Visitor: 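One structure, as structure tokens, below. Some questions next.
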Amino acid sequence: MLEIVNTDPTLDEGMIIDELSEVVYPDFVQQVNKGGEAGAQFVLAWQSLADLDAALGPARARELLDNIQTRLYLRIADPETASRISEGL
């Protein structure tokens, strides 16, 4: 369990979501965008871009990825995922 404690009222709220493809739903991208406009911060983690494609569909997954401002990539095991990532750099 992860608990985020914010004792400074001037700081924006944040959320960490691991295994993103397990919790996304059709309007998730729009909700994250609205939350970002309101100052919320998100850390989103997933294993493979194929997971997001399967959960959201390729177009919505691409929309989500296009709206992420900071990206951190660790070991990439899937060649297709590695290729898509390198194209976006």
Side-chain angles (χ1 to χ4, degrees):
M1 184 167 104
L2 176 66
E3 182 177 349
I4 300 174
V5 178
N6 180 3
T7 58
D8 183 346
T10 64
L11 293 177
D12 294 329
E13 295 298 319
M15 182 180 293
I16 298 172
I17 303 174
D18 191 14
E19 297 296 340
L20 179 64
S21 61
E22 299 296 324
V23 298
V24 294
Y25 53 93
D27 292 329
F28 180 81
V29 176
Q30 183 179 16
Q31 298 302 318
V32 168
N33 290 343
K34 295 294 183 192
E37 290 172 8
Q41 299 172 8
F42 300 91
V43 175
L44 307 175
W46 60 89
Q47 297 295 320
S48 170
L49 294 178
D51 294 340
L52 292 180
D53 287 348
L56 291 170
R60 295 295 280 179
R62 182 62 165 214
E63 182 181 354
L64 176 65
L65 294 172
D66 288 346
N67 285 307
I68 293 174
Q69 297 193 14
T70 302
R71 300 175 186 189
L72 173 65
Y73 298 108
L74 302 175
R75 183 181 61 85
I76 307 298
D78 176 48
E80 183 179 334
T81 298
S83 177
R84 286 176 58 183
I85 288 169
S86 65
E87 291 170 4
L89 296 177

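None of the values given here were measured: they were computed from a predicted structure.
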Visitor: Got a second to check how far Arg60's CZ is from Gln30's CD, nearest 0.5 Å?
Guide: 7.0 Å
Visitor: Is the shortest heavy-atom distance from the side chain of Glu63 to the side chain of Asn33 under 4.5 Å?
Guide: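 A side-chain contact under 4.5 Å exists here.
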Visitor: Supply the atom-to-atom distance Leu44 CG to Ser21 OG, rounded to the nearest 0.5 angstrom.
Guide: 11.5 Å
Visitor: Give a yes or no on whether the backbone of Pro79 and the side-chain of Ser83 come within a donor-acceptor separation of less than 3.5 Å.
Guide: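 Absent.
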Visitor: For Leu20, run the side-chain contact (heavy atoms from CB on, under 4.5 Å) check against Asp51, Leu64, Leu56 and tell me which one passes.
Guide: Leu64
Visitor: State, yes or no, whether a side-chain contact exists between Gln31 and Tyr25 at a heavy-atom distance under 4.5 Å.
Guide: yes
Visitor: Does atom CD (Glu19) have a neighbourhood of more than 12 heavy atoms from anything else shown, all under 6.0 Å?
Guide: yes
Visitor: Flag the pair Val32 / Asn67 as yes when at least one side-chain heavy-atom distance between them is below 4.5 Å, and no otherwise.
Guide: no
Visitor: Quick test of your reading of the model: are Arg84 and Glu87 salt-bridged, counting only N-O distances below 4.0 Å?
Guide: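 No.
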Visitor: Ile85 pairs by side-chain contact (heavy atoms from CB on, under 4.5 Å) with which of Asp78, Ile76, Leu65?
Guide: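 Only match with Ile85 under side-chain contact (heavy atoms from CB on, under 4.5 Å): Ile76.
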Visitor: Can you measure from CZ (Arg62) to CG (Asp53) and round to the nearest 0.5 angstrom?
Guide: 9.5 Å
Visitor: Do Thr81 and Trp46 have side chains that get closer than 4.5 Å, going by heavy atoms?
Guide: no
